[in-house]
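Naming: A, B, ... by sequence-line order, numbering from 1 per chain. Predicted model only: the values in this text are computed from it and were never measured.
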Amino acid sequence: MPVSGDAATLALVLDLLGTFVFGLSGGTLAVRRGLDIIGVLVLSTAAALAGGMARDVLLGATPVAALADSRYLLAALVAGLAAFLGHPLVERLGKPVMVFDALGLGLFAVTGCRKALAYGMDPLPSLLLGVVTAAGGGVLRDLLVAEVPRVLRGEIYALAALLGAGVVVLGDGLGLPAAPVTLAGVGAAFLLRLVSVRRGWDAPRSPWS
Amino acid sequence: MPVSGDAATLALVLDLLGTFVFGLSGGTLAVRRGLDIIGVLVLSTAAALAGGMARDVLLGATPVAALADSRYLLAALVAGLAAFLGHPLVERLGKPVMVFDALGLGLFAVTGCRKALAYGMDPLPSLLLGVVTAAGGGVLRDLLVAEVPRVLRGEIYALAALLGAGVVVLGDGLGLPAAPVTLAGVGAAFLLRLVSVRRGWDAPRSPWS
Amino acid sequence: MPVSGDAATLALVLDLLGTFVFGLSGGTLAVRRGLDIIGVLVLSTAAALAGGMARDVLLGATPVAALADSRYLLAALVAGLAAFLGHPLVERLGKPVMVFDALGLGLFAVTGCRKALAYGMDPLPSLLLGVVTAAGGGVLRDLLVAEVPRVLRGEIYALAALLGAGVVVLGDGLGLPAAPVTLAGVGAAFLLRLVSVRRGWDAPRSPWS
């Protein structure tokens with residue numbers, strides 16, 4: 001399906017915005033933990049780009065997209081600098097940042113899953129790569145400050161990514177056109193994440209834990 | 001050497017069984033640490049597949065085998081679900097699980113080393129990739145809950161993998177046929193692991209530590 | 001530019017020396033933390049080779065160079081053995097080890113950045129890959145013992161790598177010949193690192209941390 005120039009531009013802008021907001025989450029955590037400027041930039045870069053890098057490395061889509069186009073790295077570094085210099089402002093913007101983070105989560109899950117399908121992966125591995133794209137950066141971000149990654153500890157985060165990727169796998173399996181499926185997948189992940197934060201929903205734990 | 005259909009089927013079944021048991025080790029640790037369902041599935045997947053993924057990524061054998069064939073991911077996820085729902089049963093099966101884990105260790109060390117040799121690697125890097133295949137999943141599993149990986153802390157685990165891979169490198173260097181060398185390698189790793197657990201053997205520490 | 005045999009030999013010797021000294025840092029940390037022989041060899045290998053491996057994996061330069069030539073792995077393992085058997089001696093050699101580590105830092109930053117440029121990466125990602133090559137091993141080394149990586153916590157380490165890579169990007173952009181640019185890049189990183197250790201300089205922290 002040919003993509004119109006406007007749609008492609010919109011997709012790029014949203015992708016860079018998602019990268020920037022993921023970068024803010026990394027930079028903010030680094031400032032809170034008292035890391036130096038390098039630590040802040042490393043955590044913003046890791047949070048913003050590591051998920052997509054892991055996806056591309058596992059698929060063999062190299063050099064990875066996050067390095068082949070400098071704008072992604074630039075977005076991540078600017079986010080790190082913003083957290084370094086304007087930490088109190090970023091903290092005060094917690095709500096809008098959370099909303100954009102939920103949007104980034106949906107976008108990354110959907111684009112990651114779609115890329116895996118385009119590389120000929122089966123539905124199940126494609127779901128995994130959607131989740132890895134969306135949640136992998138947050139996992140590395142938390143590991144770098146020696147903490148158990150948040151996304152493994154109860155919040156509906158990876159589950160929302162899984163829902164978004166699931167919509168793509170389902171729509172693709174049914175042969176539906178890509179644009180509305182993409183919208184539905186991003187929207188589903190976005191809404192599940194937002195609602196779960198508002199209502200304080202947690203992912204289920206084992207009855208034995 | 002042509003592989004008969006029966007031998008290939010047996011190899012696949014053993015490989016999937018090893019994957020499943022490695023997945024149990026990840027899921028069980030996640031339940032013990034109170035992670036949610038996503039955390040349990042992530043740890044079972046990481047424990048089961050990360051070693052082979054690392055091997056394939058370092059070799060450039062992409063898309064990695066653990067994603068190209070969905071059955072591996074399925075085995076890892078089923079193991080995670082089993083740990084999530086049936087934790088006490090899995091704990092009670094500690095001994096059989098340990099035996100299958102030792103078998104998986106031997107299998108993964110041998111197949112990992114053989115794949116590296118098939119990609120033209122020298123003996124020393126092939127040994128390393130055998131150990132990475134067998135022990136890499138356990139390393140990531142422990143890192144994800146912010147603990148120093150068990151395999152670095154005294155148990156004869158990676159050493160058993162090294163023995164299995166060493167048998168393959170030696171047999172390959174001597175031009176021996178693949179099937180008996182594979183059996184000998186898996187068996188050597190398996191036995192060393194079992195005996196060391198039974199007798200409480202530890203890997204040596206530095207006189208200075 | 002054709003490289004004379006002597007220059008190529010010198011480059012290889014320096015590269016292996018840097019690998020060895022990075023390996024010493026990993027092995028020494030492992031002995032201090034009471035890891036077993038496998039843990040010591042894993043940490044020396046991770047510290048020595050993980051940075052270059054990450055660079056090659058992200059670029060798609062596989063099988064990665066650190067495995068394609070066995071001498072790198074050998075240098076890392078010998079360093080681990082030296083730390084295991086001769087820990088007090090290595091500790092007493094703290095100053096020379098630090099000097100060689102600073103040299104390795106400069107070398108790895110420059111060669112990593114140059115390889116990225118040779119793979120057609122833009123300046124910004126090339127800088128990142130220079131820093132990853134030089135500092136990535138130290139990051140993994142510290143993560144494996146569940147500690148927040150030193151290079152994120154204030155020392156002028158990654159910043160020195162960034163300076164060395166920056167000299168390469170600048171010289172390459174200006175079309176200057178490779179040999180003097182390489183020397184200047186290695187020298188700049190080396191000197192900044194040495195001086196910052198002597199004077200106790202720290203990388204800046206956020207005013208808000």
Under 4.5 Å from any heavy atom of chain A - which part of C/Leu143: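 For C/Leu143, the contact with chain A is made by the side chain alone.
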
Portion of C/Ala146 that has a non-hydrogen atom of chain A nearer than 4.5 angstrom: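 Just the backbone, heavy atoms under 4.5 Å.
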
I want to check something: taking the side chain as every heavy atom from C-beta on, are [X] and [Y] in contact at a cut-off of under 4.5 Å?
X        : Y        : result
A/Leu144 : C/Val139 : yes
A/Leu67  : C/Met121 : yes
A/Met53  : C/Leu58  : yes
A/Leu74  : C/Leu124 : yes

Winner by heavy-atom pair count (cut-off under 4.5 Å) against chain A, out of [options]:
options                               : value
C/Pro207, C/Ala135, C/Pro125          : C/Pro125
C/Ala158, C/Ala203, C/Pro204          : C/Pro204
C/Leu59, C/Val131, C/Leu129, C/Asp122 : C/Leu59

Of all the heavy-atom pairs spanning C/Arg153 and A/Asp36, show the shortest one and how long it is.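 What the structure gives for the nearest pair is C-OD2, 3.8 Å.
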
Grab the two heavy atoms, one from C/Trp208 and one from A/Gly86, that are nearest each other, plus how far apart they are.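 Closest approach of C/Trp208 to A/Gly86, heavy atoms only: NE1-N, 4.0 Å.
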
Measuring heavy-atom distances to chain C, does A/Val42 have an atom under 4.5 Å in its side chain, in its backbone, in both, or in neither?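 Side chain only.
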
Contact origin within A/Val31 toward chain C - heavy atom pairs under 4.5 Å: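 Both parts, backbone and side chain.
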
If I take atom CG from residue C/Leu128 and atom CG from residue A/Leu77, how far apart are they, to the nearest 0.5 angstrom?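 If I round to the nearest 0.5 Å, the distance is 7.5 Å.
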
Greatest number of heavy atom pairs closer than 4.5 Å to chain C - which of A/Pro63, A/Gly39, A/Gly60: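 Of the options given, most contacts go to A/Pro63.
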
Using the rule side chain to side chain contact (heavy atoms under 4.5 Å, CB included), only one of A/Leu41, A/Leu43, A/Ile37 pairs with C/Leu152; which is it?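 Single side chain to side chain contact (heavy atoms under 4.5 Å, CB included) partner of C/Leu152 among A/Leu41, A/Leu43, A/Ile37: A/Leu43.
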
Enclosure of A/Phe190 CZ (heavy-atom neighbours >12, cutoff 6.0 Å):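 Atom CZ in A/Phe190 is packed in, count exceeds 12.
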
